[in-house]
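Inspection log for the structure reproduced underneath, given as structure tokens.
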Amino acid sequence: MKTALITGGAKGIGLAISQELINDGWNVVITGRDATAIASAVAGLNSGPGKAVGKVMDVRDRASIDAVFTEIRTEFDSLDSLINCAGVIIRDESEILSEQDWNTVIDTDLSGVFKCSQTAYADLVKSPGATIVNVGSIAGSVGIAGRAGYTAAKAGLEGLTRTLGLEWADRDIRVNAGAPGWTRTEMVAGGIKDGRLSEAALTARIPQQRLAEPSEIAKVVKFLMSTDSSYITGQTIVVDGGITINGNT
């Protein structure tokens with residue numbers, strides 16, 4: 001049975017990915033900083049054929065990452081896929097965005113992906129057909145006001161995906177990304193609650209006239225992990241209901 005580690009796997013898109021993989025017979029290691037959320041997620045996922053375990057891990061902290069990967073090596077026969085889904089967003093205008101807030105987003109959404117991918121390499125290179133899937137955002141290819149750190153991190157993530165895909169292709173590790181548009185997650189709900197986002201205004205600009213469900217993003221991630229995408233690497237697949245082709249995000 002194959003094993004996947006999902007950063008940020010206890011909520012939103014990460015939780016939906018966890019459920020998809022459990023249903024498909026994968027072992028899933030869910031990581032995040034919130035031990036309570038992880039425990040709740042694991043309890044709800046153990047009904048599938050795969051096994052779910054939770055680990056507290058901070059993707060910003062190399063020691064934390066190393067400790068969790070060491071535990072995985074003793075608990076599972078292999079690590080076959082890494083899904084980098086952990087992310088934060090801080091909404092503020094660029095002229096007042098603090099250096100601390102900038103660093104928090106970059107360290108989590110970009111540097112954390114690199115650290116986890118680099119650490120996972122030693123395990124993935126031993127697994128035939130291994131994959132890394134990075135969960136990005138349409139913010140990586142369009143400008144969104146008040147999201148300087150987030151858009152910079154997600155643009156960097158696309159570049160990192162291309163480079164790792166290039167470097168590791170001959171080692172049978174495929175690296176791709178999914179770039180969701182506006183999705184019904186806690187992150188978007190928080191923006192709606194604090195008045196920075198309007199669901200009605202968002203859906204009016206989305207050609208499909210609705211937000212994505214996390215499960216729809218999860219299915220794309222599962223595709224990028226599967227042999228159905230065996231000749232795809234270094235690519236970012238946009239999953240946005242058409243908003244970026246509409247020219248008005």
Side-chain angles (χ1 to χ4, degrees), residues 4-9 12-14 17 31 58-62 65 81-92 94 97 99-125 130-183 185 187 212 217-218 220-225 229-240 243-245 247 249:
L5 186 150
I6 307 174
T7 71
I13 292 171
I17 295 167
T31 72
D58 186 344
V59 301
R60 301 170 299 178
D61 182 352
R62 178 74 74 171
I65 295 168
S81 188
L82 169 66
I83 298 93
N84 289 302
C85 194
V88 297
I89 188 168
I90 295 176
R91 301 176 177 92
D92 225 338
S94 296
L97 181 68
E99 184 175 353
Q100 179 178 347
D101 285 346
W102 168 272
N103 289 338
T104 294
V105 177
I106 297 296
D107 289 348
T108 304
D109 295 14
L110 181 56
S111 298
V113 173
F114 177 72
K115 290 174 185 176
C116 289
S117 299
Q118 190 179 55
T119 304
Y121 172 81
D123 300 286
L124 296 175
V125 77
T131 58
I132 295 175
V133 181
N134 300 321
V135 178
S137 167
I138 60 170
S141 57
V142 300
I144 302 179
R147 317 287 196 279
Y150 189 72
T151 56
K154 295 303 184 180
L157 185 63
E158 293 192 14
L160 179 62
T161 298
R162 288 189 290 270
T163 296
L164 295 183
L166 177 64
E167 290 182 352
W168 296 348
D170 64 351
R171 293 153 223 190
D172 201 20
I173 301 172
R174 294 188 300 107
V175 185
N176 291 294
W182 300 104
T183 306
T185 63
M187 187 180 289
I217 312 303
V220 174
V221 171
K222 188 171 75 169
F223 164 73
L224 291 172
M225 296 168 62
S229 62
S230 59
Y231 204 55
I232 300 174
T233 197
Q235 304 302 309
T236 297
I237 308 300
V238 176
V239 194
D240 69 349
I243 192 168
T244 52
I245 59 171
T249 57

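Along the sequence shown, residues carry numbers from 1. Any value given below was found using the heavy atoms of this structure, including those in side chains, with hydrogens, waters and symmetry copies removed.
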Could you state the interatomic distance from [atom1] ([X]) to [atom2] ([Y]), rounded to the nearest 0.5 Å?
X	Y	atom1	atom2	value
Asn176	Phe223	CG	CZ	8.5 Å
Cys116	Ile83	SG	CD1	11.5 Å
Leu82	Thr7	CG	OG1	6.5 Å
Ile13	Thr185	CD1	OG1	6.0 Å
Thr163	Trp168	OG1	CH2	10.5 Å
Thr119	Ile65	OG1	CD1	5.5 Å

*Who passes ring pair (Phe, Tyr, Trp, His ring centres under 6.0 Å) against Trp102, sequence neighbours left out?*
none
Does [X] reach the main-chain N or O of [Y] with its side chain, forming a donor-acceptor pair under 3.5 Å?
X	Y	value
Arg174	Ile232	yes
Thr108	Val105	no
Arg171	Tyr121	no
Asp107	Gly112	no

*For residues 139-163, which residue pairs qualify under salt bridge (Lys or Arg N to Asp or Glu O under 4.0 Å), counting only residues two or more places apart or in two chains?*
none
Measure across [X] and [Y] and return the closest heavy-atom pair with its distance rounded to 0.1 Å.
X	Y	answer
Val125	Ala122	CG1-O, 3.5 Å
Ala179	Thr236	CB-CG2, 3.7 Å
Ala152	Ile106	CB-CD1, 4.3 Å
Ala177	Leu224	O-CD1, 3.8 Å
Lys115	Arg62	O-NH1, 3.5 Å
Cys85	Ile6	CB-CG2, 4.4 Å

Could you go through residues 131-146 and list every donor-acceptor pair under 3.5 Å that involves a side-chain atom there, pairing it with any protein atom two or more places apart or in another chain?
| unit_1 | atom_1 | unit_2 | atom_2 | d |
| --- | --- | --- | --- | --- |
| Thr131 | OG1 | Ser81 | OG | 2.8 |
| Asn134 | OD1 | Asn84 | ND2 | 2.8 |
| Asn134 | ND2 | Thr161 | OG1 | 2.9 |
| Ser137 | OG | Ala139 | N | 2.9 |
| Ser141 | OG | Ile138 | O | 3.3 |

Going by the rule side-chain hydrogen bond (donor to acceptor under 3.5 Å, both in side chains), which residues pair with [X] if we only count those two or more places apart in sequence or in a different chain?
X	answer
Asp240	Thr244
Glu167	none
Asp123	Arg73

